[in-house]
Amino acid sequence: MTEIWHNPRCSKSRQTLAILEDRGEDVTVRRYLDDPPDAGALRSVLTALGVAPIELVRTGEKTFKELGLSKDSPDDELIAAMVSHPILIERPVVIKNGKARIGRPPESVIDIL
C-alpha cells in the first residue's frame, strides 16, 4: 500500500496524487493538516526520506518565523513544531515499503512505486 500526506489545496499534492492513481496504486490519503503525524511517524518518514528534519520543514511559512525557528534549530524542536503546526510539513510526502519521497516535483515519487 502507498500512503500520501496530502493537502488538497496544494497543486503539487494534487498532481502527485493523480500520478499515484494513474499508476493504479492502492493509495491511503492522509490529510495531514486534519490528521497530523505524531513525532514517531515524523521520525520514521525522515528516516525513510534520508533527510534531516529541516529538509521537511516549509521554512517560508509565516508560522516558521512566528515560532522563532531557524535553519539552525535543534531537530527535536523542529519535529515538535511540525507535530503542533502541521502546516510546516513539506508536501506531499509519499510513503511505500519503507521508502519515502517528497513530491516536488510530483514525478520524483515514481522511483519508489
Between W5 and S13, which heavy-atom pair has the shortest distance, and what is it? O-OG, 4.2 Å
What pair of heavy atoms forms the shortest contact from A81 to L69, and how long is it? CB-CD1, 3.6 Å
Would you say R30's side chain and D35's backbone share a donor-acceptor pair under 3.5 angstrom? yes
Between CG of D26 and CD of E3, what distance do you get to the nearest 0.5 Å? 11.5 Å
Taking every non-hydrogen atom, the tightest pair across I4 and L17: CD1-N, 3.9 Å
Residue list, side-chain contact (heavy atoms from CB on, under 4.5 Å) with P74, at least two apart or on another chain: E77
Taking M1 as the fixed residue, which of T28, I95, V27 is the one that meets the side chain to side chain contact (heavy atoms under 4.5 Å, CB included) rule? T28
Measuring from Q15:CD to D22:CG, what's the distance to the nearest 0.5 Å? 11.5 Å
Spacing of CD1 belonging to I87 relative to OH belonging to Y32, to within rounding of 0.5 Å: 5.5 Å
Is the closest side-chain heavy-atom distance between V109 and T2 below 4.5 Å? no
Among the clusters formed by ILVMFWY side chains lying less than 4.5 Å apart, do I102 and V83 turn up in the same one? yes
Let's go through V93 and L56 carefully: what are the C-alpha distance in whole Å and the side-chain angles of both, what is the deciding distance for side-chain contact (heavy atoms from CB on, under 4.5 Å) to 0.1 Å, and is it a yes or a no? CA-CA 9 Å; V93 177; L56 189 59; 3.9 Å; yes
Looking only at heavy atoms, the pair that brings P53 and M82 closest together is O-CE, 4.0 Å
From S44 atom OG to L49 atom CG, the distance as rounded to the nearest 0.5 Å: 11.0 Å
Distance (rounded to the nearest 0.5 Å) between I54 CD1 and I79 CD1: 11.0 Å
Would you say R58 has more than 12 foreign heavy atoms packed within less than 6.0 Å of its CZ? yes
Given side-chain contact (heavy atoms from CB on, under 4.5 Å), test N7 with I89 step by step and report yes or no. CA-CA 10 Å; N7 178 350; I89 300 171; over 6 Å; no
Quick check on K71: does its NZ atom have over 12 non-hydrogen neighbours (other residues, nucleotides or ligands) under 6.0 Å away? no
How far apart are the closest heavy atoms of L78 and F64, and which atoms are they? CD2-CE1, 4.3 Å
Heavy atoms only: give me the nearest G103-T16 pair and the separation to one decimal. O-OG1, 3.6 Å
What's the spacing between I19 CD1 and L113 CG if we round to 0.5 Å? 8.5 Å
Apply the test side-chain contact (heavy atoms from CB on, under 4.5 Å) to residues L46 and V51: give CA-CA distance (whole Å), side-chain angles for both, the deciding distance (0.1 Å), then the verdict. CA-CA 6 Å; L46 288 165; V51 301; 3.9 Å; yes
Filter on side chain to side chain donor-acceptor pair (under 3.5 Å), then keep only pairs touching residues 93-113, sequence neighbours left out; what's left? E25-K96, E90-R104, R101-D111
